[in-house]
> 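Have a look at this one.
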Protein chains: 2
Amino acid sequence: MTSEAVPGGERLRAGGVRLTRQRAAVLAVIEGSQGHLGVREVLAAVRKGRRRIGLTTVYRTLEVLASLNLIRKVHLRDGCQRYARAGAGHGHHLICSRCGRVVEFSDCRLGALIQSVADRTQFTIEDHWLELFGRCKGCRNGRGRMRRRSGFRETGTRPGPAAP
Amino acid sequence: MTSEAVPGGERLRAGGVRLTRQRAAVLAVIEGSQGHLGVREVLAAVRKGRRRIGLTTVYRTLEVLASLNLIRKVHLRDGCQRYARAGAGHGHHLICSRCGRVVEFSDCRLGALIQSVADRTQFTIEDHWLELFGRCKGCRNGRGRMRRRSGFRETGTRPGPAAP
DNA sequence: TCGCACATGAAAAACTTTTTCATCTAGGAG
DNA sequence: CTCCTAGATGAAAAAGTTTTTCATGTGCGA
Ligand SMILES: [Mn+2]
Ligand SMILES: [Mn+2]
Ligand SMILES: [Zn+2]
Ligand SMILES: [Zn+2]
């Protein structure tokens, strides 16, 4: 069978790394998600798909995929180490603070701003990082402020409310 | 002696929290630093200034100070939970990827971009987060790619301002 | 098909962050 | 100024996260 059979196979090969079923599974999980996922969530999702995978491999794989730009790392105010699918090329994220949905956009038009800051500070600016937070259409009227909705499981166990 | 004697005292009071020597010490350490500091670095710096403080308190204090906007949380590609002094009001960071120096700027002019992305995605955008990375003047020609230079020890302490 | 460099994963180590709870203290009341 | 107490502290332990180890497995070029 050709590598076509494995979604993402071409891109993994192109990245110079081996195409393993674990990598394909992790990539599939991220690409199949509308939001950002944490390590434990990816682990659970892959296993739910009845594929064996270890936590260590999830960590390593997410790093590999991100370095190949096949997925992107997302930072939230609290808790980073989260990942979302990557659009083409340079991209930034718009994140729904209620359900976690992630939309990538690439037109950032920061040229003038960067030039201005560079002139003023005497820095050579090499990279930038922009994230927008808000409410997606479906979450517009949600009065809550909770993070992920059902379908976007929380990573691990939450600190939870005060003890009795 | 009046509360004037304690740098940041006024601002802590204004925030509705008690002015403790630990809070003043942490604030002084952050304000005395040109870069971003992690929890352990703050702990070490405060102790070096011969002030007693516990790790738990450092965590809690950094959170309190950040919520009062007296200091700001900085996210790096790897490793967040770092803090830098805050400029006035809304601010973004320009970070030297070699020495860690942090410069805050507030003119982000993202209005048009935000409008455009909002229209296109149907999101209501409530907040944004922008960080610029580059080389400060002094690190311009540094061929290295290491993070903090001497003076910005990873786990060590900054020579920073000792207690008055 | 073979061989081996690369990849995996269970377990343990290492590290980070939060919770507990006994003790302390900032600062307002009197 | 002295008292009082809600708020703050910190040592220790618990809880959670990430990395390291190393024996075993496997992708893929020869
Ligand atoms: Mn951009
Ligand atoms: Mn972050
Ligand atoms: Zn949403
Ligand atoms: Zn620098």
Side-chain angles (χ1 to χ4, degrees), chain A residues 1-6 8-10 12-27 37-44 46-47 51-68 73 75-83 153-164, chain B residues 1-6 8-10 12-27 37-44 46-47 51-68 73 75-83 154-155:
Chain A
M1 63 171 74
T2 70
S3 58
E4 295 298 312
V6 183
E10 296 288 311
L12 279 166
R13 295 283 195 86
V17 300
R18 291 185 182 173
L19 167 53
T20 65
R21 94 194 57 175
Q22 289 89 341
R23 285 172 177 168
V26 169
L27 181 56
L37 304 173
V39 176
R40 315 296 300 210
E41 293 168 302
V42 171
L43 178 74
V46 171
R47 287 181 173 171
R51 290 152 174 282
R52 290 191 76 253
I53 192 170
L55 177 60
T56 309
T57 298
V58 174
Y59 273 103
R60 289 189 289 225
T61 299
L62 288 171
E63 208 164 279
V64 167
L65 296 179
S67 76
L68 294 179
K73 192 170 190 175
H75 289 246
L76 301 183
R77 285 183 191 63
D78 51 307
C80 304
Q81 287 283 59
R82 300 191 67 80
Y83 298 83
R153 267 170 297 170
E154 183 67 50
T155 297
T157 316
R158 274 228 116 187
Chain B
M1 62 173 71
T2 71
S3 60
E4 295 297 314
V6 182
E10 296 288 311
L12 279 165
R13 296 283 193 87
V17 300
R18 291 187 182 173
L19 168 53
T20 65
R21 93 194 58 170
Q22 289 90 339
R23 285 172 176 167
V26 169
L27 181 57
L37 304 173
V39 176
R40 314 296 299 209
E41 293 169 302
V42 172
L43 178 73
V46 172
R47 286 181 172 171
R51 289 154 174 280
R52 292 190 77 253
I53 192 170
L55 178 59
T56 308
T57 299
V58 174
Y59 273 103
R60 289 188 290 224
T61 299
L62 287 171
E63 208 165 279
V64 167
L65 296 179
S67 75
L68 294 179
K73 191 170 188 173
H75 289 246
L76 301 183
R77 286 185 191 63
D78 50 309
C80 305
Q81 286 283 64
R82 300 190 68 80
Y83 298 81
E154 178 63 55
T155 299

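Keep in mind that this is a model prediction, so the values were computed, not measured. Chain naming here is simple, since letters A, B, ... match the order of the sequence lines and numbering starts at 1 in each.
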> Where the side chain of A/R47 is concerned, which of C/dA10, C/dA7, D/dG10 is the nearest nucleotide?
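Of all the options, the side chain of A/R47 is nearest to C/dA10.
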> Classify A/T20 by what it touches in the nucleic acid, base, sugar-phosphate, or nothing, heavy-atom distance under 4.0 Å.
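Result for A/T20 = sugar-phosphate.
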> Quick one: A/L43 CG to C/dG9 P, roughly how many Å, whole number?
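Spelled out: CG on A/L43 to P on C/dG9 is 10 Å.
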> With B/R23 as reference, evaluate B/L12, B/I53, B/L68 under the side-chain contact (heavy atoms from CB on, under 4.5 Å) test and give the passing residue.
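Only match with B/R23 under side-chain contact (heavy atoms from CB on, under 4.5 Å): B/L12.
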> Separation of A/Y59 atom OH from C/dA14 atom C1', in whole Å?
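Going from OH in A/Y59 over to C1' in C/dA14 covers 13 Å.
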> Using 0.5 Å steps for rounding, measure from the CZ atom of B/R60 to the CG atom of B/L55.
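Answer for the CZ-CG pair, B/R60 versus B/L55, is 10.0 Å.
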> Between D/dC28, D/dA11, D/dT18, which one does the side chain of A/R13 approach most closely?
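In terms of side-chain proximity for A/R13, the closest of D/dC28, D/dA11, D/dT18 is D/dC28.
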> Taking atom C1' of D/dT18 as reference, at what distance in whole Å does atom OH of A/Y83 sit?
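Distance check: A/Y83 OH to D/dT18 C1' gives 11 Å.
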> Whole-Å distance between D/dA8 P and B/L62 CG?
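Taking atom P of D/dA8 as the reference, CG of B/L62 is at 15 Å.
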> To the nearest 0.5 Å, what is the distance between CD (B/Q22) and CZ (B/R52)?
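Reported to 0.5 Å precision, the distance equals 9.0 Å.
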> Output the rounded distance in Å from CD (B/Q22) to C1' (C/dC24).
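Nearest whole value for this atom pair: 10 Å.
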> May I have the distance from B/L12 (atom CG) to C/dT25 (atom P), rounded to whole angstrom?
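From B/L12 CG to C/dT25 P: 18 Å.
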> Report yes if a side-chain nitrogen or oxygen of A/Q81 is closer than 4.0 Å to either non-bridging phosphate oxygen (OP1 or OP2) of D/dT18; otherwise report no.
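For D/dT18, OP1/OP2 do have a side-chain N/O of A/Q81 under 4.0 Å.
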> If each of B/R60 and B/R18 is mapped to the nucleotide of DNA chain D with the nearest heavy atom, which maps nearer the 5' terminus, i.e. the 5' end?
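Mapping each residue to its closest nucleotide by heavy atoms, the 5'-most match is B/R18.
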> Quickly work out the B/L55 CG to D/dA14 P distance and round it to whole Å.
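It is 17 Å, rounded to the nearest whole Å.
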> Return the OH to CD distance between B/Y83 and B/E41, rounded to the nearest 0.5 Å.
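Going from OH on B/Y83 over to CD on B/E41, the span is 12.5 Å.
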> Starting at CG of B/L19 and ending at C1' of D/dG7, how long is that distance when rounded to a whole Å?
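The answer, rounded to whole Å, is 13 Å.
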> Got a donor-acceptor contact below 3.5 angstrom from the B/K73 side chain to the B/A66 backbone?
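It does not hold such a pair.
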> Which is more 5' along DNA chain D, the nucleotide nearest B/R52 or the one nearest B/G16? Just name the residue.
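Going by which nucleotide is closer to the 5' end, it is B/G16.
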> The side chain of A/T56 is closest to which nucleotide in this list: D/dT9, D/dT18, D/dT19?
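Given the options D/dT9, D/dT18, D/dT19, the side chain of A/T56 is closest to D/dT19.
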> Find which nucleotide of DNA chain C each of B/V39 and B/V17 is nearest to by heavy atoms, and output the residue with the more 5' nucleotide.
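It is B/V39, whose closest nucleotide lies nearer the 5' terminus.
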